[in-house]
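What follows is a short report on a single structure.
Just so it is clear, the model here is predicted, and its values are computed rather than measured. Chain A is the first sequence line, chain B the second, and so forth, proteins listed ahead of strands; every chain is numbered from 1.
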Amino acid sequence: MNDKQVRVRIAPSPSGNLHVGTARTALFNYLCAKKNGGKYILRIEDTDLERTEQKYIDNIYDSLKAIGLNWDEGPDVGGPYAPYQQSERFDIYKKYAQRLLDEGYAYECFCTQEELDAEKEQAIKERRAYKYSGKCRHLTPEQKEELRKQGKKPVLRFAVPEGHMKFKDLVKGELEFDLGLVGDFVIMKSNGIPTYNFAVVVDDIEMKMTHIIRGEDHISNTPKQIMIYNALGAEVPQFAHVGMILAPDKSKLSKRHGATAVSDFIAQGYLPEAFVNFIALLGWSPSDGEEIKTLDEIAKDFDLSRLSSSNSIFEYDKLKWMNGHYIRHLPIEDITNRAKAYLTDYDLSKYSEKQLQQIIESTREPISLLSEIKDGVSYFFEDELTIDEDVKNDILKTDLGKEVLDAFLKLCDELKFEDVEEIHHQLEAFRGVFKEKGIKPKQTMWIVRGALTGRTRGADIGVIISVLGKDRVVERVKKAMAI
RNA sequence: GCUCCCAUCGUCUAGAGGCCUAGGACACAUCCCUUUCACGGAUGCGGCAGGGGUUCAAAUCCCCUUGGGAGUACCA
């Protein structure tokens, strides 16, 4: 490669919330910049005035920030090539368009939608691939004047030359296209707004992009874009086209498969760390086989050569597992703080921060979504415990249940409530008594757990007893005995 | 239809001619641990789409078939 500073970009269109596919593209660009000490730029491609909405722009900012992909230059932070929002760059595109017009690389086309549709229909009838005829290519100045007088507004079309276009893609390898198959495409719409293919190139030139990393759905745009680079006498950046992210049924990922927006995943309880880690593995693989990595670690290890050229399917199973892994391994203070967002229905002031952490610590193990924490800790907060029917019938109402609870109630007088370790020891002795009578330790504890939580599963029993404290433990046991 | 891209366990992938009786991760199964569910650990199940070449040697290179994906807009 060259020794220029690497400059890459993510250029989302604000016509929807930030999509996972876009997020992954952003991630790869970000990683490429970080790895090479380059710059990672955010550019908002809002030339589609109809579909652009401010809330989507906000969502893009928020989502990108949430997963840690902060940009070096962008609409909000500015930069040497501002503005970074296409709707504010219309005069720049006009200038470049005029240049292409003047130099004969582009021409005005006055064809109406009807004419174009007719051409298209004809092509279909002849079972021929459609391509614009180029009939406006050689309009005389007089003809154009006449058309203009009729009130027709022209579009600007790029005059596609004959021949073949070849370029080397960093992940796909050598790619070749027959330009005879691509028609003269529109670069400026009749309303004076540039089309995508034109605006990207102008911006990428102006913003000095060195690498274009994007989804392979852009492969067919690439020859068109390269032609524009060439016509403008600009250096062509390196391209790297990655496979797409597909839904489990191999179709395009859509809402019907669940969430598609990064913000949806986060709202569902996925941790940003886990989410980025997971999407990084979709199309990229670590050199050491170690899959659990922080963003920084991934950046250190990142290399375009390890990008995959095939599509990958977005499966929730692994994401969930990974999310659970992060929930279990991130510092407890951190997880506790984030968990609070899901516990707003509870009166958290009931417990000290330390106790809250104990609660979360012993509840975080089995969950894979942070949102599950709410249900997981409910019995710590309910004043009126809800007891599962089968816990009532199969556990608490039994003779053994009464016996165990009676004994446990007596034990409460000696229990060292403030010391979880000690509680465990005392419990061990407690279980031992029943074990001698042939009652399995797990059965004994099941009964105590049932009385205290109303469930058969939950946090560490020592923590439950300690955090609940003597008063509530005794109260709950008595209530359970009265069932 | 036309053009382009892709093809290793169910899924994500390692593999850049011999290191491959194809490695890892998720999922699944069994076992162990255990105060529950889990977590963790161990073991197992499972794949080079098919067919031709090239080569002493092919998952790796070439061709064909099949399958999948993308593009084909005055959308990005």
Exercise. Between B:A14 atom P and A:Leu282 atom CG, what is the distance in whole Å?
Worked result: 12 Å
Taking the [atom1] atom in each of [N] and [M], what is the distance between them to the nearest angstrom?
N     : M     : atom1 : result
B:C5  : B:C20 : P     : 33 Å
B:C48 : B:C61 : C1'   : 15 Å
B:G18 : B:G53 : P     : 22 Å
B:G1  : B:C9  : P     : 27 Å
B:G51 : B:A38 : C1'   : 49 Å
B:C64 : B:A25 : P     : 38 Å
B:A16 : B:A58 : C1'   : 13 Å
B:C12 : B:G50 : C1'   : 24 Å

Exercise. Is there a donor and acceptor pair, one atom on the side chain of A:Glu315 and one on the base of B:G10, closer than 3.5 Å?
Worked result: no
For this session: Kindly say whether A:Ser309 contributes a backbone atom to a donor-acceptor pair with the side chain of A:Lys172 at under 3.5 angstrom?
Result: yes
If you restrict it to nitrogen or oxygen atoms, what contacts under 3.5 Å exist between nucleotides 39-50 of chain B and the protein, and what is each distance?
{"from": "B:C39", "atom 1": "O2'", "to": "A:Glu365", "atom 2": "OE1", "distance (Å)": "3.3"}

Exercise. A:Tyr229 vs A:Phe239 aromatic rings, parallel, tilted or perpendicular, using cut-offs 30° and 60°?
Worked result: perpendicular
Problem set entry | B/S/- contact track for nucleotides 71-76 of chain B, protein heavy atom under 4.0 Å | S-SBBB
